[in-house]
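Lettering of chains follows the sequences in order, A, B, ..., and the numbering in each one begins at 1. Computed over heavy atoms, backbone and side chain alike; hydrogens, waters and symmetry mates excluded.
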Number of protein chains: 2
Amino acid sequence: MIGQAHTRGTPEADAQSTARAIARPAGRSIGIQAVAERAGVSIATVSRVLNGIKSKANEETEARVRLAADELGYRPAHAGRALRLRQTKLVALLIPDISNAFYAAIAGSIESSLRARDHTMILCNTNEDPRLQDFYLEEMQAYHVRGIALLGAVDSPGLAAALADKLPIAFVNRKPPCGGGVFVGIDNHAAGRAVASHFLSRGYRDCAVIHGPLHSSASRERFEGFLSALREAGAAPAGPNIVSGGLSLEGGYAAARLLLKAERHPRAIFCANDLVAYGLFRRCRELGLAVPRDIAVMGFDDNPLNDWVAPWLSTVHIPYDAFGIAVTEALVRIWDGAGEPEAAEPLPFSLRLRGSAE
Amino acid sequence: MIGQAHTRGTPEADAQSTARAIARPAGRSIGIQAVAERAGVSIATVSRVLNGIKSKANEETEARVRLAADELGYRPAHAGRALRLRQTKLVALLIPDISNAFYAAIAGSIESSLRARDHTMILCNTNEDPRLQDFYLEEMQAYHVRGIALLGAVDSPGLAAALADKLPIAFVNRKPPCGGGVFVGIDNHAAGRAVASHFLSRGYRDCAVIHGPLHSSASRERFEGFLSALREAGAAPAGPNIVSGGLSLEGGYAAARLLLKAERHPRAIFCANDLVAYGLFRRCRELGLAVPRDIAVMGFDDNPLNDWVAPWLSTVHIPYDAFGIAVTEALVRIWDGAGEPEAAEPLPFSLRLRGSAE
DNA sequence: AGACCGAGGGTAAACGTTTACCCGACAGGG
DNA sequence: CCCTGTCGGGTAAACGTTTACCCTCGGTCT
């Protein structure tokens, strides 16, 4: 009972004559049922063919099904599948602030590598608010997301619960405050040490640091790595040369006011991230200090605009594109479920030096 | 038949004693059925209460239902609802490139204002590729999204089809290439004119423009507005002073090479966006030209970093936060379906002048 | 007293998939 | 000739909601 699909002359429908969407059946949208009828098989067979269940379909049947699906422009309704499987091809990305270039770049990378694996990304701004994070964690479960990429995780009751529930979570850039889970990011401790080594190799022994919030593993580790390397070289910064600047432009500026008020200021400053470095730079400009001539500055993250608007800023370069791939692979490992996946290789970083005569 | 929920002593479950999640029933996750049993009513009643269908529930019953739902930590599975209603609370944002600060800022704004209305955002990078845009348009329909915000729309066969299918689409920043739909954005023509007026009022008559892709209504209109105002003042730019720079850093740089090679260069340049202006600026730096002393530059979009890293750049400021609200309201208007919603008021813009002695 | 009505709430039928079973046919081995 | 297995494929039961009907019970109107 293959027969022609009964085209009920909707005038606009006839206008477009692509390969697919030859004819819209009378009913609402085309479902698996329509495909089955057109191919002259049962819906079970259609489902099996389209899901690639081999050994269940004669080649000829399979071809008929695929043709029918194609001609009708059939797309499985995700809702049905989600209901049955209690699972979607959705992955949620929880992110502190999408308008931060660092996070945005990672988000883009994750989106495209998820897409390459036929998954779709839901974006949620947590604002680093534990309550909002918990809300989203629950809400995403209600959507039956297949996994979560948690960028800039904060500690929250729901996070531990979600981990206990075996919800696949990849912690990006910041390690889970409550332990457990798989981490994707660079070795921040090593990065901090690398910055210190660089400063020392340039002969700067009078260093300062504007560190980020220490509850963030990323900030803390790079801070500690920096300090430890300096201490080992006997060049530990004096107390007033260690200030907190958050991760913001304003924080950097405020920290700079503290750091640079003495006539004898540090010669080299390690900033929690590039934004902080921009804040510091503004203060330098105000004081007439040239960077890096009068004062060496090292940022973190390597904002993609640096080459264009901040050619004075040396910074730690992060492999943005690698994040997406690593996150996706981490999730896949969890899905394929070889028990507890070992922590993956940390991503590589590198120092990007700018503005120096070298 | 209210009865205690039968707590099957799962040790971890007892650990957390928040108000909700007192006890996980034996079965998998708690559904509407569990709530109904606990409240001693039918699932229909639960559904009605939770959906705020008044006049169907005794106050006392309603209280019992809400209590039960709360105690169990019930969250409706979106899949079931999506299946029944053929509708979710998902809104897709199609965006050319999330790592572009301009788009990212708008994305953030849209996300938060959708959240305020209890909707969730799906983010899709179209890369301005018509095929990818079409793919997402279809895929999002398969997810039964309730609406789409299309940022930087390009012309594609699927777009017209989606509009014909009455899919609620808000066109953000760039008007639909195929007509129809509702637009959210500023009056780009007026903005272009405003820039021209500003240049003229400063006495610059030797102006140039680096325009964006003219298939984009945003780029085209601001370009045309700028030119028309200049023409009316009898100061139309010479042919070589009109170049295309795309919307990228590299494009701006390349355009600047063309524009600034003569010893006699234009005194004022209007750039398609801030990125282009950064590219231009790099060339200026190479040539030893000071901005804005030797050459006035006007960007577009007002990148949030400008105050910090580009204090030399005057630009057209866009009300990022207003975008989210306007998009959401536009969608709501479509949903509430008062026929064809009139085009909303364009968003306000303003000139942000920097670096001038004033 | 019978008709009618509204309030409150239960029953069951969708919605569109996936998949555990079941079944018929045919082949090969004993 | 029977038994067993495999191939190919159909039947129907979930999955978790929403909502069109239906029902009961008082109260009110005629």
Side-chain angles (χ1 to χ4, degrees), chain A residues 1-2 25 27-66 68-69 72-90 139 141-144 146, chain B residues 1-2 25 27-66 68-69 72-90 139 141-144 146:
Chain A
M1 194 78 49
I2 296 189
R28 227 59 296 267
S29 67
I30 57 266
I32 200 173
Q33 178 77 33
V35 179
E37 278 168 20
R38 189 179 180 92
V41 297
S42 76
I43 60 169
T45 302
V46 175
S47 174
R48 285 189 286 246
V49 165
L50 264 30
N51 286 331
I53 309 285
K54 291 302 187 191
S55 84
K56 270 304 199 177
N58 184 307
E59 280 203 14
E60 195 260 343
T61 312
E62 169 169 354
R64 251 198 353 266
V65 169
R66 288 199 189 285
L72 294 175
Y74 169 66
R75 237 167 224 277
H78 294 270
R81 135 182 291 254
L83 191 54
R84 183 85 223 289
L85 265 27
R86 282 203 268 320
Q87 169 126 184
T88 59
K89 282 167 178 267
L90 257 21
E139 181 74 358
Q141 275 180 289
Y143 270 114
H144 293 310
R146 196 167 176 207
Chain B
M1 193 79 49
I2 296 191
R28 226 61 293 269
S29 66
I30 57 266
I32 200 174
Q33 178 77 33
V35 179
E37 278 168 21
R38 188 177 180 93
V41 297
S42 77
I43 61 169
T45 301
V46 174
S47 174
R48 285 189 287 245
V49 166
L50 265 30
N51 286 330
I53 310 287
K54 290 301 186 193
S55 85
K56 269 305 197 178
N58 184 309
E59 279 203 16
E60 194 261 342
T61 313
E62 169 169 354
R64 251 195 357 264
V65 169
R66 288 199 189 283
L72 293 174
Y74 168 67
R75 236 167 224 277
H78 292 165
R81 135 182 291 254
L83 191 54
R84 181 87 222 289
L85 265 27
R86 287 206 260 331
Q87 170 123 186
T88 59
K89 282 166 179 264
L90 259 20
E139 181 74 359
Q141 274 179 289
Y143 271 114
H144 293 309
R146 195 164 177 208

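When the nucleotides D/dT17, C/dG10, C/dG16 are ranked by their closest atom to the side chain of B/Y74, D/dT17 comes out on top. For B/A44, taking side-chain heavy atoms from C-beta onward, the closest of the listed nucleotides D/dG10, C/dG10, C/dT17 is C/dG10. Residue B/I43 has its side chain nearest to D/dT18 when only D/dC15, D/dT18, C/dG9 are considered.
Side-chain atoms of A/R84 and base atoms of D/dG16 include no donor and acceptor less than 3.5 Å apart. Between the side chain of B/R48 and the base of C/dG10, at least one donor-acceptor pair of N or O atoms lies under 3.5 Å.
Each of B/N58 and B/H144 has a nearest nucleotide on DNA chain C; the 5'-most of these lies closest to B/N58. Along DNA chain D, the nucleotide nearest to B/L83 and the one nearest to B/I53 differ in position, and the one closer to the 5' end is contacted by B/L83. Each of B/E62 and A/L85 lies near DNA chain C, and the nucleotide nearest B/E62 is the one positioned closer to the 5' end.
Taking side-chain N and O atoms only, A/T45 has no distance below 4.0 Å to OP1 or OP2 of D/dG8. The shortest distance between the side-chain N/O atoms of B/R86 and the OP1/OP2 oxygens of C/dC15 is not below 4.0 Å. Regarding contacts with the backbone of C/dG8, every side-chain N or O of B/T61 stays at 4.0 angstrom or more from both OP1 and OP2.
Distance B/I32 CD1 to D/dT17 P: 5 Å, rounded to the nearest Å. Taking atom NZ on B/K54 and atom C1' on C/dG8, their separation rounds to 14 Å, with Å as the unit. Spacing between atom CD of B/E59 and atom P of C/dG8 amounts to 9 Å, rounded to whole angstrom units. Atom CD in B/Q33 sits about 13 Å away from atom P in C/dA12, given to the nearest Å. The separation between B/I30 atom CD1 and D/dG16 atom P is 11 Å, rounded to whole Å. In this structure, the NZ atom of B/K89 is 14 Å from the C1' atom of D/dT17, given to the nearest Å. Atoms NE2 (B/H78) and P (C/dT17) sit 21 Å apart, rounded to a whole Å. In this structure, A/R75 places its CZ atom 13 Å from P of C/dT17, rounding to the nearest Å.
Considering B/L50, B/V46, B/T45, B/N51 in turn, B/T45 is the only one that fulfils the side chain to side chain contact (heavy atoms under 4.5 Å, CB included) rule with B/R48.
With respect to A/E139 and B/K89, no salt bridge is recorded, no charged nitrogen being found less than 4.0 Å from a carboxylate O. Contact check on A/E62 versus A/K54 returns a salt bridge, with a Lys/Arg side-chain nitrogen under 4.0 Å from an Asp/Glu carboxylate oxygen.
A heavy-atom distance below 4.5 Å is found between the side chains of B/S47 and B/I32.
Contact annotation for B/S47: base contact, defined as any heavy-atom pair under 4.0 Å involving a base atom.
Separating the CG atom in A/L83 from the CZ atom in B/R84 is a distance of 12.5 Å, to the nearest 0.5 Å.
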